Amino acid sequence: MDDIASHASLSAATVPAYRALLEPLSPSEIRAVVAIIKADTAFGDAVLFETIEAMDPPKSAIVNGQAADESGAPISRRARANVFHSDLAGVWKLTVSLDEKSILTRTHLPAARPMIQLEQFMLVEGWVKGDARFIAACAKRGITDMEQVCVDPWSAGNFGYAEEDGRLLCHTFAWLRLYEDEAFYAHPIEGLNAVVDVKTGEVIRVDDRAGPPIAMTEVNYDSKFLTDTLPPLTPLHIVQPEGVSFVLDGHHLTWDRWSVSIGFNAREGLVLNDIRFDGRPLVNRASLVEMVVPYGSPDRGHFRKNVFDIGEYGLGKLANSLKLGCDCLGVIQYLDVHMNTMAGDIFSIEKAICIHEEDSGILWKHWDFRTERTQVRRGRKLVISCICTVGNYEYAQYWYFNQSGEIEFEMKATGIINTVGIEPGKPSKYETEVSPGVAGQIHQHIFCARLDMAIDGEKNTVVECNTQAETEENNPYGNAFFETQTAFKTELEGSRRANLASQRYWKVTNPNVTNAVGQPTAYKLMPTNTVTSFLVPSGPSGKRSNFVENHLWVSAHDAEERFPAGDFMNHSDGQGGIADFVAKDRAIENESVVLWHVFGLHHSVRVEDFPVQPCISTGFKLMPTGFFNGNPAINVAESVNSESRHANSGCCG
């Protein structure tokens with residue numbers, strides 16, 4: 001008994017104090033932040049809350065495993081909060097000390113607008129459906145029961161309409177639901193769009209552009225309506241009779257030689273902090289920081305569809321509560337998440353984050369044909385995932401950690417395509433007909449991951465690697481090719497696009513730490529799923545989406561430079577994002593650096609994407625390249641799965 005107590009005390013004592021500062025805010029901490037802000041005379045009880053989140057400790061403290069700043073003073077528990085008033089312009093950015101119970105900093109941005117809040121989604125629908133102009137436009141289309149109308153709130157962009165200036169806006173699209181639980185996206189009410197001031201509830205304008213008749217063909221997907229379900233396959237179970245191999249302590253996760261602290265907030269959703277392998281730092285902070293979905297049609301109101309699902313809505317509040325055996329298979333550990341409502345109350349989502357292990361196939365293998373001796377190791381990966389629903393669409397994000405030191409991010413996209421109404425059999429060149437009179441438009445999903453790197457320490461250098469053929473005079477047999485490496489010295493040098501022709505990738509090196517062959521330790525970013533934007537950079541949507549112009553941006557580390565398209569995206573003008581950050585052209589060689597990787601999906605819609613789209617995926621990899629002195633998985637233990645069977649051997653063979 002004494003030995004157990006002694007071991008527990010030792011474990012608690014050896015946990016680095018800074019880890020507590022990486023924990024997401026608890027409900028009691030969120031309430032405390034709300035109380036501190038409301039007690040301030042500048043805000044009072046009427047203040048509204050966009051986001052409240054934990055503020056990360058300084059990068060240097062995390063990388064060096066400290067809970068003190070550079071002066072040696074203990075780092076206090078702090079929070080970020082963005083607040084606004086319903087009757088005043090702008091947003092206030094605040095930092096709050098939970099220890100001192102005070103507001104430390106405040107910045108008022110009079111032209112900024114907060115994100116559209118989850119609580120406002122149904123309010124927008126009600127305001128639109130109650131507007132006499134909208135009701136009359138529906139009546140013209142033969143719709144008399146407004147209960148059948150479904151209105152989706154889309155962000156409005158910035159298109160120079162004078163009456164929209166200075167407002168917090170939604171631009172809406174509408175569909176007809178024939179009966180309860182029927183798939184309404186099969187019935188677009190084409191050409192009818194309302195513009196709403198989300199703060200005041202005013203319907204500023206109803207745009208009624210003549211459209212085709214409403215398609216009435218039913219295309220249901222809910223199991224309650226499906227009568228031709230295929231016979232089920234035989235059961236496939238994922239079992240771990242001895243339990244999982246990971247340990248979760250609060251939000252700090254250890255598995256095999258990996259360790260990571262799991263964070264979460266209303267805007268980014270899932271955040272990973274302090275990623276280490278065998279105690280060696282790799283990434284200080286990793287998250288998805290923006291996503292823009294530009295549509296390719298200029299017709300009717302569809303030119304306005306250029307929505308920033310992270311910056312204008314926030315993924316966190318749209319996270320699903322995951323279901324065991326459906327969203328996540330095997331032996332699962334879940335984490336609940338807690339956020340604030342607009343009024344400052346607690347909004348919780350149970351089982352929002354899933355943690356589990358998966359078999360990842362052969363890790364490495366070799367058969368020696370001389371001795372006929374075989375060595376094979378099966379691999380396993382740790383999975384941290386979260387699924388968010390933004391209106392009609394699901395975004396399932398997965399972070400994978402494997403035993404060979406690789407980190408992979410995968411985004412699976414599913415849900416229901418945004419549908420438009422057309423004349424049956426006559427889709428325009430911008431769309432694909434998916435059901436008679438219903439089409440899906442060509443569009444893209446462009447993501448940006450912010451990777452605050454710390455390869456073996458805080459000081460890193462980013463190197464571009466390109467492969468090229470040897471010159472003719474040095475290539476007598478026509479087979480010679482080699483790789484060139486170019487280190488970026490300043491930010492503008494580090495603003496780059498992918499190049500498949502040269503097999504381009506980028507690696508983050510630590511020039512101060514070398515491996516067994518004298519080379520800097522490094523990890524490489526593999527740009528496996530880049531896309532080309534077709535937005536005109538000077539156009540209304542192109543200006544707001546300027547981060548998509550490069551596939552890689554490298555910036556000097558600044559904890560306040562967080563979002564590639566700007567802090568406040570509603571009605572934004574393209575300023576305040578990564579293009580402005582790197583315009584400073586700061587030094588990035590052997591410095592603390594951040595990678596901004598832009599990747600995505602080019603979605604030319606298929607008939608098979610309706611009524612619910614099968615998962616399609618995109619992502620990237622971070623791979624060790626000289627970080628180790630050899631294959632780090634070489635000493636993974638041999639194993640033979642005792643549950644495997646020959647297909648025809650029965651249950652016991």
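Being a predicted model, the structure only gives us computed values, none of them experimental. These numbers come from the heavy atoms of this one structure, side chains and all, not from hydrogens, waters or symmetry mates.
- With hydrogens and angles disregarded, no donor-acceptor distance shorter than 3.5 Å links the side chain of Tyr18 to the backbone of Val63.
- Formation of a donor-acceptor pair under 3.5 Å by the Asn284 side chain with backbone atoms of Ala454 is not found in this model.
- Taking all atoms of both residues into account, the shortest heavy-atom contact from Cys386 to Phe264 is SG-CE1, 3.9 Å.
- A donor-acceptor pair shorter than 3.5 Å can be found between the side chains of Glu394 and Thr389.
- Defined by atom type and a distance below 3.5 Å, a donor-acceptor pair is present between the side-chain atoms of Asn402 and Ser404.
- For CZ of Phe481, the number of neighbouring non-hydrogen atoms (other residues, nucleotides, ligands) closer than 6.0 Å is 12 at most.
- Residues Val289 and Ala449 come closest through the heavy atom pair CG2-C, 4.3 Å.
- A cation-pi geometry, defined here as NZ or CZ lying under 6.0 Å from the six-membered ring centre and within 45° of its normal, does not hold between Lys621 and Phe409.
- Side-chain atoms of Glu357 come within 3.5 Å of backbone atoms of Ser245 as a donor-acceptor pair (strictly under, hydrogens ignored).
- Crowding of Glu350 atom CD: a count of heavy atoms from other residues, nucleotides or ligands under 6.0 Å not exceeding 12.
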Exercise. Given the rule in the salt bridge (Lys or Arg N to Asp or Glu O under 4.0 Å) test, do Glu458 and Lys59 qualify, once you have shown the distances and angles that lead to the verdict?
Worked result: CA-CA 8 Å; Glu458 193 172 358; Lys59 179 177 180 177; 5.2 Å; no
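- The line from CD1 of Ile578 to CD of Glu561 is 7.0 Å long, rounded to the nearest 0.5 Å.
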Considering only distance and modelled atom types, tabulate donor-acceptor pairs under 3.5 Å from the side chains of residues 626-637, sequence neighbours left out.
unit_1: Asn629; atom_1: OD1; unit_2: Ala516; atom_2: N; d: 2.7
unit_1: Asn631; atom_1: OD1; unit_2: Ala633; atom_2: N; d: 2.8

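- When the shell of 6.0 Å around NZ of Lys351 is examined, it contains 12 or fewer heavy atoms from other residues, nucleotides or ligands.
- With 3.5 Å as the limit, one finds no donor-acceptor pair spanning the side chains of Glu410 and Gln397.
- A donor-acceptor contact shorter than 3.5 Å is absent between the side chain of Thr490 and the backbone of Ala587.
- Under the 3.5 Å distance criterion, the side-chain polar atoms of His557 are left unmatched by any main-chain donor or acceptor of Glu591.
- Judged purely by atom type and a 3.5 angstrom limit, Asp585 uses its side chain to pair as donor or acceptor with the backbone of Leu492.
- Summarising the geometry of Arg378 relative to Gly361, their closest heavy-atom pair is NH2-CA, 3.1 Å, with the distance given to 0.1 Å.
- Ionic pairing of Arg267 and Glu53 is not present here: no N-O contact between side-chain nitrogen and carboxylate oxygen is shorter than 4.0 angstrom.
- Salt bridge annotation for Asp456-Arg280: present, with a cationic side-chain nitrogen under 4.0 angstrom from a carboxylate oxygen.
- Between Glu23 and Arg77 there is no salt bridge, since no side-chain N of the basic residue sits under 4.0 Å from a carboxylate O of the acidic one.
- Side-chain N or O atoms of Thr509 include none that pairs as donor or acceptor with a backbone N or O of Asn460 at under 3.5 Å.
- Residue Asn512 qualifies as enclosed at atom CG: its count of foreign heavy atoms under 6.0 Å is above 12.
- There is no side-chain donor-acceptor pair under 3.5 Å between Arg497 and Asn550.
- Of the N and O atoms on the side chains of His252 and Ser261, at least one donor lies less than 3.5 Å from an acceptor on the other residue.
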For this session: Test side chain to side chain contact (heavy atoms under 4.5 Å, CB included) on Val554 and Trp596 and set out the steps.
Result: CA-CA 6 Å; Val554 183; Trp596 309 72; over 6 Å; no
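- Taking a cutoff of 4.0 Å between a charged side-chain nitrogen and a carboxylate oxygen, Arg380 and Glu358 do not qualify as a salt bridge.
- Residues Tyr393 and Asp309 have side chains that never bring a donor and an acceptor to within less than 3.5 angstrom of each other.
- Screening Ile384, Asn273, Leu282 against Val260 for a side-chain contact (heavy atoms from CB on, under 4.5 Å) leaves a single residue, Ile384.
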For this session: Starting from the C-alpha separation in whole Å, work towards a yes-or-no answer on salt bridge (Lys or Arg N to Asp or Glu O under 4.0 Å) for Arg450 and Glu290.
Result: CA-CA 9 Å; Arg450 183 179 184 272; Glu290 196 52 88; over 6 Å; no
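- Closest approach of Gln403 to Phe277, counting heavy atoms only: O-CZ, 4.4 Å.
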For this session: Any chance you could lay out the salt bridge (Lys or Arg N to Asp or Glu O under 4.0 Å) test for Lys459 and Glu589, step after step, and finish with the verdict?
Result: CA-CA 8 Å; Lys459 301 291 188 179; Glu589 187 175 31; over 6 Å; no
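- When atom types are taken as modelled, the side chain of Thr618 and the backbone of Met411 share no donor-acceptor pair closer than 3.5 angstrom.
- Checked for salt-bridge contact, Asp274 and Arg276 meet the test: a charged N lies under 4.0 Å from a carboxylate O.
- The two residues Met115 and Gly314 come nearest to each other via the heavy atoms SD-N, 3.7 Å.
- Glu406 places no side-chain N or O within donor-acceptor distance of the main-chain N or O of Met623, the cut-off being under 3.5 Å.
- Between Arg78 and Ser97, the shortest heavy-atom contact is CG-CA, 4.4 Å.
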